[in-house]
Participant: 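Okay, here's the structure, questions in a sec.
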Amino acid sequence: ESILPNTSESSKEVSEIWSEAIKQNLPKIDVIISSEKYGDFVAEYLNIEHIFYPVSRVTSASAIRENPYKHWQFIPKVVKPYFYRKVCILGTESTGKSTLTKNLAKFFNADYVSEVGREIVENTNTCQQEDLLKIAKTHASKILLEEKGLNKMLIIDTDINITKSYSKFLFNQELEVENWIDDANKCDLYLYLDNDAPFIQDGTRLSESDRNKLDSFHKKQLNKTGIDYTIINGNWNQRFEKSLKVIFEKLSINYM
């Protein structure tokens, strides 16, 4: 299609050009099956049989290609990985990561993975080094499990780099993990929630001053890894709107 002419309406002239290309590349064709008038034209030029296959269309192939996320149910499973995207929400404590993750998943009717830290360690101040490795494995396993659904997009709350950053911040130690954990955490887009959000102490978090110090550790870890992330700031509503805008623009998604 990038070389030969293409029209939305069946054309004898265009069909003749395509027929020549078909003859050169696929000389042994003896039948063409289509649901368009051009099937008659191509069959005539190639002197082959045309089987007309009537299709009751809910939408067109062009519409699906233009907006695959809106027409996700029409995309074959074998093709879905090509369009499937993973978006990671990063940031220090009390910046709205969990809420934003759920809201984005709801908007896109997509799956999401929550951060698992609170499932394993109730309070950051009581965390041990071995807890971080358990968190890393559990979180990566959840990502791999949700990926199997291939539901348009996967929104992920926190990644392995944040866990590694905690290791440096809390214990001044590098967190070594198996390659499959790093691989599971690779995403197409990273959004970093700035620490300009109001600090809310729920009894499980670091102090506000440590929260802000941790923010620097997180950014240092991401920069060290070479991850390209977009900083999202503002109030809660602004964070959601800005995140949508970045997702649409950077992933070239036409969702509406």
Participant: Are M153 and I247 packed together at the side-chain level, in the sense that at least one heavy-atom pair is separated by less than 4.5 angstrom?
Facilitator: yes

Participant: Kindly give the heavy-atom pair with the smallest separation between L132 and F171, and that separation in Å.
Facilitator: CD1-CE1, 3.8 Å

Participant: Between W236 and A197, is there a donor-acceptor pair closer than 3.5 Å when you use the side chain of the first and the backbone of the second?
Facilitator: no

Participant: Could you tell me the separation between the CG atom of N103 and the CG atom of L244, rounded to the nearest 0.5 Å?
Facilitator: 9.5 Å

Participant: If only side-chain N and O atoms count, and only distance matters, is there a donor-acceptor pair under 3.5 Å linking S34 with E36?
Facilitator: no

Participant: Using modelled atom types only, decide if a donor and an acceptor are shared between the side chain of N25 and the backbone of A21 within a distance under 3.5 Å.
Facilitator: yes

Participant: Among N212, T92, N233, T95, find the one that has a side-chain hydrogen bond (donor to acceptor under 3.5 Å, both in side chains) with N195.
Facilitator: N212

Participant: Looking at Q201 and L206, would you say the former's side chain and the latter's main chain have a donor-acceptor pair under 3.5 Å?
Facilitator: yes

Participant: When rounded to the nearest 0.5 angstrom, what distance separates CG in L144 from CH2 in W180?
Facilitator: 6.0 Å

Participant: Do other residues, nucleotides or ligands put more than 12 heavy atoms under 6.0 Å from the OH atom of Y112?
Facilitator: no

Participant: Under the salt bridge (Lys or Arg N to Asp or Glu O under 4.0 Å) rule, what pairs show up with a residue in residues 94-117, not counting sequence neighbours?
Facilitator: none

Participant: So does Q238 have more than 12 non-hydrogen atoms from other groups sitting under 6.0 Å from CD?
Facilitator: yes

Participant: State plainly whether one hydrophobic cluster holds both L46 and I33, where clusters connect Ile, Leu, Val, Met, Phe, Trp and Tyr through side-chain heavy atoms under 4.5 angstrom apart.
Facilitator: no

Participant: Do I143 and I89 sit in the same hydrophobic cluster, where Ile, Leu, Val, Met, Phe, Trp and Tyr count as joined when their side-chain heavy atoms come under 4.5 Å apart?
Facilitator: no

Participant: Rounded to the nearest 0.5 Å, how far apart are OG1 of T138 and CD of E119?
Facilitator: 7.5 Å

Participant: Hey, are the side chains of E49 and I32 touching, using non-hydrogen atoms and a 4.5 Å cut-off?
Facilitator: no

Participant: Report, as yes or no, whether the 6.0 Å neighbourhood of atom NZ on K168 holds more than 12 heavy atoms from other residues, nucleotides or ligands.
Facilitator: yes

Participant: Keeping the roles fixed (side chain from R85, backbone from K152), state whether a donor-acceptor pair exists under 3.5 Å.
Facilitator: no

Participant: Looking only at side chains, do Y166 and E93 share a donor and an acceptor under 3.5 Å apart?
Facilitator: yes

Participant: If hydrophobic clusters are built by linking Ile, Leu, Val, Met, Phe, Trp and Tyr wherever their side-chain heavy atoms come under 4.5 Å apart, do I160 and Y190 end up in the same one?
Facilitator: yes

Participant: Do the charged groups of D131 and K134 touch, with an N to O distance under 4.0 Å?
Facilitator: no

Participant: Set out, in order, the CA-CA distance, both residues' side-chain angles and the distance that settles ring-ring contact (aromatic ring centres under 6.0 Å, His included) for F169 and F217, then state yes or no.
Facilitator: CA-CA 7 Å; F169 180 78; F217 272 74; 5.1 Å; yes

Participant: Hey, does the side chain of N185 reach the backbone of I181 with a donor-acceptor pair shorter than 3.5 angstrom?
Facilitator: yes

Participant: Show your reasoning for whether side-chain contact (heavy atoms from CB on, under 4.5 Å) applies to R205 and I200.
Facilitator: CA-CA 9 Å; R205 292 170 172 154; I200 300 173; 3.9 Å; yes

Participant: Could you tell me whether the side chains of R118 and T204 share a donor-acceptor contact shorter than 3.5 Å?
Facilitator: yes

Participant: Using side-chain heavy atoms (C-beta onward) and a distance below 4.5 Å, is V87 in contact with L154?
Facilitator: no

Participant: Would you say the side chain of L222 lies within less than 4.5 Å of the side chain of Y192, judging by non-hydrogen atoms?
Facilitator: yes

Participant: With clusters defined by side-chain heavy atoms of hydrophobic residues (ILVMFWY) lying less than 4.5 Å apart, directly or transitively, does V246 cluster with L251?
Facilitator: yes

Participant: Taking atom CD1 as the centre, does I3 end up with more than 12 heavy-atom neighbours from other residues, nucleotides or ligands that are less than 6.0 angstrom away?
Facilitator: no

Participant: Checking T225 against Q221: is there a side-chain donor and acceptor pair closer than 3.5 Å?
Facilitator: yes

Participant: Do L189 and C88 have side-chain heavy atoms sitting under 4.5 Å apart?
Facilitator: no

Participant: CG of N47: more than 12 outside heavy atoms within 6.0 angstrom?
Facilitator: no

Participant: Could you state the interatomic distance from CD1 (I120) to CD (E130), rounded to the nearest 0.5 Å?
Facilitator: 11.5 Å

Participant: When rounded to the nearest 0.5 angstrom, what distance separates CD in E176 from OG in S167?
Facilitator: 9.0 Å

Participant: Please check: side-chain N/O of W18 versus main-chain N/O of P5, any donor-acceptor pairing under 3.5 Å?
Facilitator: yes

Participant: Can you see which heavy atom on L193 is nearest to which on G96, and at what distance?
Facilitator: CD1-C, 3.7 Å

Participant: Determine whether S114 and T101 make a side-chain contact, defined as any pair of heavy atoms from C-beta on separated by less than 4.5 Å.
Facilitator: no

Participant: Are K37 and E9 within salt-bridge range, i.e. N to O under 4.0 Å?
Facilitator: no

Participant: Compare all side-chain heavy atoms of Y69 with those of F108 and state whether any distance is below 4.5 angstrom.
Facilitator: no

Participant: Return the OG to CD1 distance between S35 and I51, rounded to the nearest 0.5 Å.
Facilitator: 13.0 Å

Participant: Ignoring hydrogens and geometry beyond distance, is a side-chain donor-acceptor pair present between D159 and N161 at under 3.5 Å?
Facilitator: yes

Participant: Is any side-chain heavy atom of H139 less than 4.5 Å from a side-chain heavy atom of V113?
Facilitator: yes

Participant: Out of curiosity, does I253 fall in the hydrophobic cluster containing I64 (side-chain heavy atoms, cut-off under 4.5 Å, transitive links)?
Facilitator: yes

Participant: Determine which pairs satisfy salt bridge (Lys or Arg N to Asp or Glu O under 4.0 Å) with at least one residue from residues 216-244, sequence neighbours left out, and list them in order.
Facilitator: E174-K224, D194-K219, D196-R239, D215-K219

